[in-house]
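What follows is a set of notes on a single structure, which appears directly below.
Heavy atoms only: backbone and side chains are in, while hydrogens, waters and symmetry mates are out.
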Amino acid sequence: MLLENLSLFLRIVEKGGLAVAGREVGLSPATVSERLASLEAYYGAALLTRTTRAISLTEEGRALVEGARRLLAEAEELESRVRRGANVISGPVRLSAPEDLGRRLLVPVIDAFLAEHPAVTVDLNLTDGNVDIVGQGMDFAIRHGVLADSSLRAKSLGENRRIVCAAPAYLAAHGTPVHPDELAAHDCIVMRFGQNIDRDWPFLIDGVMRKVTVHGQRVVNDGGLVRQWCREGRGIALKSIRDVADDLATGALVELLEDFSTGGTALQIVYPPSAVQPRRVRMLIDRIAATLSKGRGA
C-alpha cells in the first residue's frame, strides 16, 4: 500500500491538485485526501501546503518526491525484469527539450529508440522555457546554459555556438549589416524565455563582450518559429548553430557578423540526483548524448 500511496502522491504533485489526480485513477476526492493523510501520518510530516487555489510542496514533501521516484523506479525495474526477462526494456520515459532542437534532432533519436524497444513509451515536452523536472515528474531534460538548480545532475553535450543569420531575400531587401551596432536599423526576430525577452544580443567587439539591444516586429517563445520566420525572410535571428546548420549548408540562411563572436552556451542533459535510474532511461540518455555530441558547435 505504501508504494501505491507514493504513486498517488506523485500524481497529485504532477497534476497540481487532489481532485484531478483522483479523477485520473478513479478515486473520489475523499479517498485521495484519506490516502494522503495516511502517507503524512506514516512519515510524520506535512507533505503539501493546500490553499483554495493551489497546492505546494513542503520541504519534507519535496524530499519525498525524489525518494518516491527512486523507490518506484526500483520497484518497476524489478517487476520488469521478473515478468519480462532481464533483456526486455519496458516502461515510460518522460523528458523535456527545446522546441527547435527537439523537433529536428531529438525526435529521430526517439523514433529509432521506440522502434527498437516497443514496450517503452515516451512523453516528450517540447518547450523553450525551463521545466521543474522534479515537480513535474520528468526523468530528464535537455537544456541550454548554466543550471539554475544546483541539486540537479548534468551530462555535458558540449558547447553550443550561436550565430546571427538571415535569409538571402531579407538581405536583398534590407541590406547586410557589417557591424553589430547596425542591427538597430534592422527587423530582428526576438525570443521570449518565460517572462524574459532576449533583446540584448552579445558580441565580442574590440576584444570586449558587449550587448547590443535589438528590436523587431516579432517576439515569440518558440525557437522553431524563429527559424521559420527567419527562413521566410521576415527578419534577422540569433540561433544555435545546431538549429540552422542545414539551412546554412543549403543557402536558405546566411551567417552574418562572423567577425564578431556571439559566444556560446553549454548544452546538457540534466536529471534528478536519483541513486537509481531505470535502465530504459539510462539507455535513452546515452543514445541522445551520443547523437547530439556528434553535432557540437565549435
Side-chain angles (χ1 to χ4, degrees), residues 97-102 104-105 127-130 142-148 154 156-268 270 292-293 295-298:
E99 297 260 5
D100 206 3
L101 181 145
R104 296 184 57 257
L105 301 180
T127 175
D128 286 311
N130 277 351
I142 298 173
R143 288 184 180 169
H144 297 291
V146 179
L147 284 181
S156 175
L157 299 175
E159 194 75 2
N160 190 44
R161 186 167 68 91
R162 297 195 298 171
I163 67 165
V164 177
C165 55
Y170 175 88
L171 300 176
H174 303 281
T176 301
V178 296
H179 191 279
D181 290 337
E182 294 179 18
L183 292 175
H186 284 269
D187 194 351
C188 294
I189 306 167
V190 179
M191 273 289 296
R192 176 192 293 277
F193 298 97
Q195 298 300 313
N196 300 316
I197 299 178
D198 187 24
R199 294 192 186 279
D200 297 323
W201 294 0
F203 293 94
L204 187 63
I205 302 174
D206 296 329
V208 177
M209 191 61 75
R210 180 159 65 86
K211 291 185 177 180
V212 174
T213 301
V214 301
H215 300 277
Q217 288 185 296
R218 292 169 170 81
V219 177
V220 67
N221 66 343
D222 183 334
L225 188 50
V226 170
R227 175 170 168 262
Q228 176 185 322
W229 278 339
C230 191
R231 284 170 51 94
E232 292 173 353
R234 302 186 187 280
I236 294 175
L238 178 64
K239 288 290 294 178
S240 158
I241 188 68
R242 297 172 188 260
D243 293 339
V244 297
D246 292 344
D247 297 321
L248 296 174
T250 62
L253 292 176
V254 176
E255 183 174 357
L256 308 176
L257 304 173
E258 295 181 61
D259 294 333
F260 303 90
S261 170
T262 58
T265 60
L267 184 66
Q268 51 202 340
V270 298
L292 295 189
S293 293
R296 292 182 176 184

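Between V212 and F260 there is no side-chain heavy-atom pair separated by less than 4.5 Å. Between I236 and P177, some side-chain heavy-atom pair lies under the 4.5 Å cut-off. At least one side-chain heavy atom of L183 sits less than 4.5 Å from a side-chain heavy atom of L257. Between V226 and D243, the closest side-chain pair of non-hydrogen atoms is not below 4.5 Å.
The minimum heavy-atom distance linking L238 with P202 is given by the pair CD2-CD, 4.4 Å. Here the shortest heavy-atom pairing between Q268 and A154 reads OE1-CB, 3.6 Å. Across every non-hydrogen atom of G223 and K239, the tightest pair is O-NZ, 2.9 Å. Of all heavy-atom pairs between D198 and F193, the closest is CB-CE1, 3.9 Å. C230 and C165 make their closest contact through SG-O, 3.5 Å (heavy atoms, listed as atom of the first residue, atom of the second, distance). Taking every heavy atom of both residues into account, T262 and F203 meet most closely at CG2-CE2, 3.5 Å.
Taking the six-membered ring where the residue is Trp, H186 and Y170 present tilted rings, their angle falling between 30° and 60°.
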*Start with the C-alpha distance between D181 and R210, add both sets of side-chain angles, then the distance that settles side-chain contact (heavy atoms from CB on, under 4.5 Å), and finish with yes or no.*
CA-CA 10 Å; D181 290 337; R210 180 159 65 86; 3.4 Å; yes

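Using modelled atom types, one side-chain atom of D128 and one backbone atom of E99 make a donor-acceptor pair closer than 3.5 Å. Side chain of R242 to main chain of L292: a donor-acceptor pair is present (N/O by atom type, distance under 3.5 Å, no hydrogens or angles).
A distance of 9.5 Å separates CE in M191 from CG in L225, rounded to the nearest 0.5 Å. Distance check, rounded to the nearest 0.5 Å: CZ of R199 to OG1 of T213 gives 9.0 Å. Here R192 contributes atom CZ and D222 contributes atom CG; the two are 13.0 Å apart, rounded to the nearest 0.5 Å. In this structure, the separation between CG on D187 and NE2 on H215 is 11.5 Å, given to the nearest 0.5 Å.
Sparse packing is recorded around CD of Q217, with 12 or fewer heavy atoms of other residues, nucleotides or ligands lying under 6.0 Å away.
Comment: R161 engages E255 in a salt bridge, judged by a side-chain N to carboxylate O separation of less than 4.0 angstrom.
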Contacts table for residues 246-254: side-chain donor-acceptor under 3.5 angstrom, sequence neighbours left out:
residue: D246; atom: OD2; partner: R104; partner atom: NH2; Å: 3.1
residue: D247; atom: OD1; partner: R227; partner atom: NH2; Å: 3.3
residue: D247; atom: OD1; partner: R231; partner atom: NH1; Å: 2.4
residue: D247; atom: OD2; partner: R227; partner atom: NE; Å: 2.7
residue: D247; atom: OD2; partner: R227; partner atom: NH2; Å: 3.3
residue: T250; atom: OG1; partner: D246; partner atom: O; Å: 3.2
residue: T250; atom: OG1; partner: D247; partner atom: O; Å: 3.2
residue: T250; atom: OG1; partner: A252; partner atom: N; Å: 3.4

